[in-house]
Structure formats: C-alpha cells, structure tokens
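Reading through the structure tokens given below for one structure.
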Amino acid sequence: MSADRLVVQKYGGTSVSDAGRIKHVAERIIARVQAGDRLVVVVSAMGDTTDDLIALAQQMTDEPEAVALSGAQAGIGTDRRYGRARIHSVEPKRIKQELDVGRVVIVAGFQGITEEEDITTLGRGGSDTTAVALAAGLGAERAEIYTDVEGIYNADPRFVPEARKFPEISYEEMLELASYGAKVMHPRAVELGAVQRVPIYVASSFSDAPGTLIHGGPFMEQRNRVMAIAQDMDVARITIRGVPDRPGIAATLFEPLGENGISVDTIVQNASVERLTDLTFTVSRSDLSRALEIVKPVALEIEAPDVLADTHLAKVSIVGAGMTSAAGYAGRMFRTLFEAGINIELITTSEIRITCLIDEKQVREAVRALQKAFELEEG
Ligand code: ADP
Ligand code: MG
C-alpha cells in the first residue's frame, strides 16, 4: 500500500450490525490511516451506528480525528425521486476540507440533496453507489466495498457453498451478474464505476482474505466461456391477453410504466392469431401492484380482456464475456435444465448472458446443475 493514497470505503449493513462489529470496523479504519492512507468511509446504517463508529475511533487513538457528514454535506446531488433518488452530481468540497486537515470522513450512504436543497434518500444500492460516486468525484484510487462475503464468486456463495471466488472481474460481467440477481454489488454502482473508470474492490469486512477487483482490464486470462451463474427470486410476471396487434400499442403500455420508475425486463410478444396477441413481461415483485394499477386501465382502454399476474417464478442466468458469440452455450443450458426436470417458461439473452425463467422452487437445483455442466465448482 503506497503512502498517502486516497481511498473510499463502504461498509454494508451486516458489517456494522452490532457493537463488536462496529469496533472491528473502527480498528480496520485506524489501521489503514496509520499505514498512511486518507479515508472516506461510507456506511449504510443510520445515525447511531455512525456516532458509535466515531466515538470508538476517537477512543482508540487521538489521531485520526473523525467527522461524520450527511449526504447533503458530502455534496451528493440527486434528482427529486424521493425514496429512490439517483445521484447526478458530486461536489465534495467539504470532504476535501476535512481530508486536508487530516480527518477521516464518515458519510451517510443513503442520502443526497436536490438542487432545491431538499433531502432525498437513495433507495436500494444507495451506499454502494455513493461510495463509487465519491471515489469518482474525489479522484480516489479506488472504491472498496466491504461486505459479509470475501468477494465476487461464480455463484452466490450462500446459495452454493462450493462457489469459487474471482481475483478480478470486468465491469461488463459484474454488471450483468448484479442486474440478474447477484446483490453483492448494486448495478447502479457498477455502471457508475464503469463510466467513471473507478476500480471497485469487493472484500470481507470480517477477514483479511483477498477480495475481487472489478475493473476495465486488461485481464490476465481470456475468458471466452461461462464464468458465473446468478439467480433472482425478485420476479413477477404480467401477461396481457388479447392485445390488438396494431402500431403504438407497446408504447401505450410501457411508457406509463417507465414514467413511474418501474423497470420492465424480459418482454415477450407472441405471434398474433387473428390480429390478437399476448404480451408478457416481468417486473420486480415490489413493483407488481403499482405495475398492475398502471396496466389494468390501459388494458381496458385497448380492449384487452385479461391481465394475469404471478409471482412463483425466478430467473437463473449464465454470464460470460464472448459467450453468446460462441456456439453451444444456449443449447447446453437448456439441455441441463431439461435433464434436471426443470421447465423453462421464458428465455432472454444479451451478448454475454442467457437467462431462463423457471419455477422458483427449482432454482437451487438449476444453479447446481448449471455449475456442474459448465464446470464452475471449486477444485
Ligand atoms: P451488504 O449489506 O454488505 O451491502 P449484501 O447483502 O447487499 O451486503 O450483499 C452481500 C451478499 O450478496 C452476500 O451475502 C451473498 O449472499 C450475495 N451474493 C449474491 N451473489 C453473489 C456472488 N456472485 N458473489 C458474492 N456474493 C453474492
Ligand atoms: Mg448491498
């Protein structure tokens, strides 16, 4: 570790969930400062935790002095979407001042401020995103995300214990994994890291085991193959039956969803029979009731007779750079699921991902079977 470098760290909820863990985090911060690093520390927990962290850091040494800043004080500018605001600017003037006088700066990771100076909260993944945004805004060497696993694995390590840890992974691959269920990093944060070219190091807050560096390359190994599996249970499916097959209908349906901040994934429109078609798409379960409130009146308007919803499905995805440009992966995935007795309800792909919607009760089996088929197990 070179002297005097600037690093932004983030500690997740479980890493500061009790007094012992907070103390441990304080010790880690002090060790880094004593090694010569300048630190900005983003925490996703509320006020009390931050206070405890500072009190402890101060107890353990008179140097470093620590200061806690709200998102607004830290210069996290957001739009006006309360509860799910997005960061659009970072003006870390105050942070720089505090760093310049030798302080460790602790920042509340879930907050920002609008141009009108109203306080906002960032919603899911807010702290991951704040850490990466601050690292970009401050020109920090990297963002370090400390969590309850040792890094990024080729499958959720809590779901499949024999999953393997990566020393490094590309933004591109991490973005697909995060977007398709690997909640270890929020996709917003990965995207921001890619755009701003901020390397992101993910590691354990409990141990010193080497973590995973998310970066833009070059990579030691050309990975022209399936490199990881993700699963996502947060899926709800909506089917609109008997949609008239005429121009503009899809826009009429999906525009209001977008305007209400509901992201739609996996859209399938069947071939029409007698100028009527079925339209199927997925949203997250937490958005289902709002999505239905929007879709039902539109369905009435366009005289589609039926809107169906269900929440028993889950997504399982295989991800790897260069995967779909090489032949055979899709076939092998479908055969593997078939041989495990798993029915595929929907399929979507990107250049580096293939996703199948399956019964949520079969997800564990599916992930294990795919791990075997694509030789992703440890050892
Ligand atoms: P934090 O509170 O620190 O933000 P999260 O619960 O958001 O932690 O993210 C960590 C969790 O992400 C892990 O406990 C793990 O179960 C899950 N996870 C899912 N997929 C992966 C993966 N591919 N690699 C590592 N962790 C993963
Ligand atoms: Mg998290």
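Start at 1 and go down the list; that is how both ligands and their atoms are numbered.
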Report the nearest protein non-hydrogen atom to [atom]: residue, atom name, distance rounded to 0.1 Å.
atom	result
atom 9 (O) of ligand 1	Val184 CA, 3.4 Å
atom 7 (O) of ligand 1	Lys183 O, 3.5 Å
atom 23 (N) of ligand 1	Tyr153 O, 3.0 Å

Original post:
Using the ring of each side chain (for Trp, its six-membered ring), is Tyr329 parallel, tilted or perpendicular to Phe374, with breaks at 30° and 60°?
Top reply: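 Ring orientation, 0 to 90° scale: tilted.
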
Under a 4.0 Å threshold between the charged nitrogen and the carboxylate oxygen, would [Y] count as salt-bridged to [X]?
X	Y	answer
Asp234	Lys183	no
Arg86	Asp79	no
Asp310	Arg237	yes
Asp245	Arg275	no
Arg188	Asp128	no

Original post:
Can the ring centres of Tyr146 and Phe206 be said to be less than 6.0 Å apart?
Top reply: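 Distance test on ring centres: not under 6.0 Å, no.
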
Subject >> CZ (Arg80) with more than 12 external heavy atoms under 6.0 Å >> reply: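 More than 12 heavy atoms, drawn from other residues, nucleotides or ligands, come within 6.0 Å of this atom.
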
**OP:** Decide whether an N or O pair under 3.5 Å exists between Asn154 and ligand 1.
**Re:**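 No: no nitrogen or oxygen of Asn154 is under 3.5 Å from one in ligand 1.
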
Identify, by atom number and element, the atoms of ligand 1 in contact range of [X], meaning under 4.0 Å from any of its heavy atoms.
X	answer
Gly151	24 (N), 25 (C)
Ala182	19 (C), 20 (N)
Lys10	4 (O)
Thr147	1 (P), 3 (O), 8 (O), 9 (O), 10 (C)
Asp148	10 (C), 11 (C), 13 (C), 14 (O)
Gly13	2 (O)
Ile152	24 (N)

**OP:** Could you pull out, from Val202, Ile169, Asp156, the option with a heavy atom nearest to atom 21 (C) of ligand 1?
**Re:**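 Considering heavy atoms of Val202, Ile169, Asp156, the nearest to atom 21 (C) of ligand 1 sits in Asp156.
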
Quick one: look at [X] and ligand 1, take heavy-atom pairs under 4.0 Å, and tell me if it's side chain, backbone, both or neither.
X	result
Val149	side chain
Arg164	neither
Pro157	side chain

Subject >> Atom pair OG1 (Thr280) and CD (Glu345), whose distance is rounded to the nearest 0.5 Å >> reply: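 The OG1 atom of Thr280 sits 10.0 Å away from the CD atom of Glu345.
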
**OP:** Starting at CG of Asp148, measure out to CZ of Arg21 and round the result to the nearest 0.5 Å.
**Re:**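 Atom-to-atom, Asp148:CG and Arg21:CZ are 8.0 Å apart.
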
